Amino acid sequence: VRGMGVRGFVRMGAAGGLQPDLDPGDVIVCDRAVRDEGLSHHYLPSALWAEPSPGLTARLHDRLADAGLSPSAGSAWTIDAPFRETVAEAEHYAAQGVAVVEMEAAALFSVAQVRGIEVAAAFAVSDSLADGEWVPHFADHRLADSLLRMVPAAIDTLREQA
């Protein structure tokens, strides 16, 4: 990737909320991710967490705030097996303060670390697994609004890197 001129990238998308105080469309800037997926273990020695690049993450947070999104820093549980999260796992990670569940952050953070490039990630809450019950919010206008404002903020973040 670095040999092709890539110096950094930003992952934007949706994630399931694990904390009961998260509403649809709330924006979480990922400050670390639980490595409960398969890819990161092929790049780095086993560990619980993968971490993004601090500088790019801070810039992303600032640009999202500039876009009026009121982002919060929070961790993610990365699991890449759709619909395989268990209530016990969701409760465990929620009790540890993990904000959201998603599918890519830990893998991206690990690859970026090995390749020596910057990476950051942010998520808009699209559904909830808080309180042991799955509640979808995919049609909520707040989710769509957040996602539409997140993309230009990500582009601005990457432009600052140039």
Side-chain angles (χ1 to χ4, degrees), residues 6 8-41 48-53 56-112 118-159:
V6 175
F9 56 96
V10 173
R11 189 269 197 240
M12 308 298 284
L18 294 177
Q19 300 300 324
D21 62 335
L22 291 175
D23 292 320
D26 282 356
V27 175
I28 302 296
V29 177
C30 190
D31 58 11
R32 61 185 184 165
V34 174
R35 293 172 59 193
D36 191 19
E37 39 57 67
L39 190 133
S40 67
H41 301 278
L48 179 59
W49 298 102
E51 296 184 1
S53 307
L56 190 62
T57 298
R59 290 192 305 274
L60 176 61
H61 186 280
D62 291 348
R63 294 302 72 75
L64 291 167
D66 291 347
L69 290 165
S70 303
S72 299
S75 56
W77 165 30
T78 302
I79 179 169
D80 56 2
F83 304 108
R84 299 305 295 168
E85 305 94 345
T86 67
V87 171
E89 287 175 309
E91 289 174 347
H92 167 77
Y93 289 119
Q96 301 298 314
V98 175
V100 295
V101 57
E102 52 75 52
M103 298 178 68
E104 297 93 11
L108 294 173
F109 296 170
S110 299
V111 172
E118 288 193 293
V119 63
F123 312 104
V125 174
S126 59
D127 53 313
S128 176
L129 284 87
D131 302 321
E133 180 182 350
W134 180 56
V135 181
H137 299 289
F138 300 105
D140 193 299
H141 70 90
R142 294 171 292 179
L143 171 62
D145 180 63
S146 290
L147 290 170
L148 287 172
R149 291 193 287 157
M150 288 168 73
V151 172
I155 293 167
D156 290 344
T157 301
L158 292 169
R159 283 187 177 141

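Keep in mind it's a predicted model, so treat the numbers as computed, not measured.
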Which atom names give the shortest non-hydrogen contact between C30 and P52, and what distance separates them? O-CG, 3.4 Å
To the nearest 0.5 Å, tell me how far W49 CH2 sits from T78 OG1. 9.5 Å
Which atom pair, heavy atoms only, marks the closest approach of S128 to H137? N-CD2, 4.3 Å
Stepwise, does the side-chain contact (heavy atoms from CB on, under 4.5 Å) test hold for R159 with R63? CA-CA 11 Å; R159 283 187 177 141; R63 294 302 72 75; over 6 Å; no
Does any N or O in the side chain of D140 come within less than 3.5 Å of the main-chain N or O of R142, such that one atom is a donor and the other an acceptor? yes
State, yes or no, whether a side-chain contact exists between D31 and T57 at a heavy-atom distance under 4.5 Å. no
Decide side-chain contact (heavy atoms from CB on, under 4.5 Å) for I155 and M12; before the verdict, give the C-alpha distance in whole Å, the side-chain angles of both, and the deciding distance to 0.1 Å. CA-CA 11 Å; I155 293 167; M12 308 298 284; over 6 Å; no
Taking all non-hydrogen atoms of both residues, which atom of A73 and which atom of I28 are closest, and how far apart? C-CG2, 4.4 Å
Determine the minimum heavy-atom distance between G25 and S146, stating which atoms define it. O-OG, 2.6 Å
To the nearest 0.5 Å, atom CZ of R59 lies from atom CG of D66 at 13.5 Å
Determine, step by step, whether W77 and E85 satisfy the side-chain contact (heavy atoms from CB on, under 4.5 Å) criterion, reporting the C-alpha distance in whole Å, the side-chain angles of both residues, the deciding distance to 0.1 Å, and the verdict. CA-CA 10 Å; W77 165 30; E85 305 94 345; 3.5 Å; yes
Could you tell me whether a side-chain N or O of Q19 sits under 3.5 Å from a main-chain N or O of D21, the two making a donor and an acceptor? no
Non-hydrogen side-chain atoms of L39 and D80 separated by less than 4.5 Å: no
Within this structure, what is the OG-CG distance for the pair S53 and L60, rounded to the nearest 0.5 Å? 11.0 Å
Q96 side, atom CD; S75 side, atom OG - distance, nearest 0.5 Å: 9.5 Å
Separation between CG (L56) and OG1 (T157), nearest 0.5 Å, reads 6.5 Å
Exercise: identify the closest heavy-atom pair between R149 and A67: NH1-O, 2.8 Å
List the steps and the verdict of side-chain contact (heavy atoms from CB on, under 4.5 Å) for Y93 and V34. CA-CA 9 Å; Y93 289 119; V34 174; 3.6 Å; yes
If you look at every heavy atom in A76 and V98, which pair is closest and at what distance? C-CG1, 3.7 Å
CZ on R11 to CZ on F109, rounded to 0.5 Å: 9.5 Å
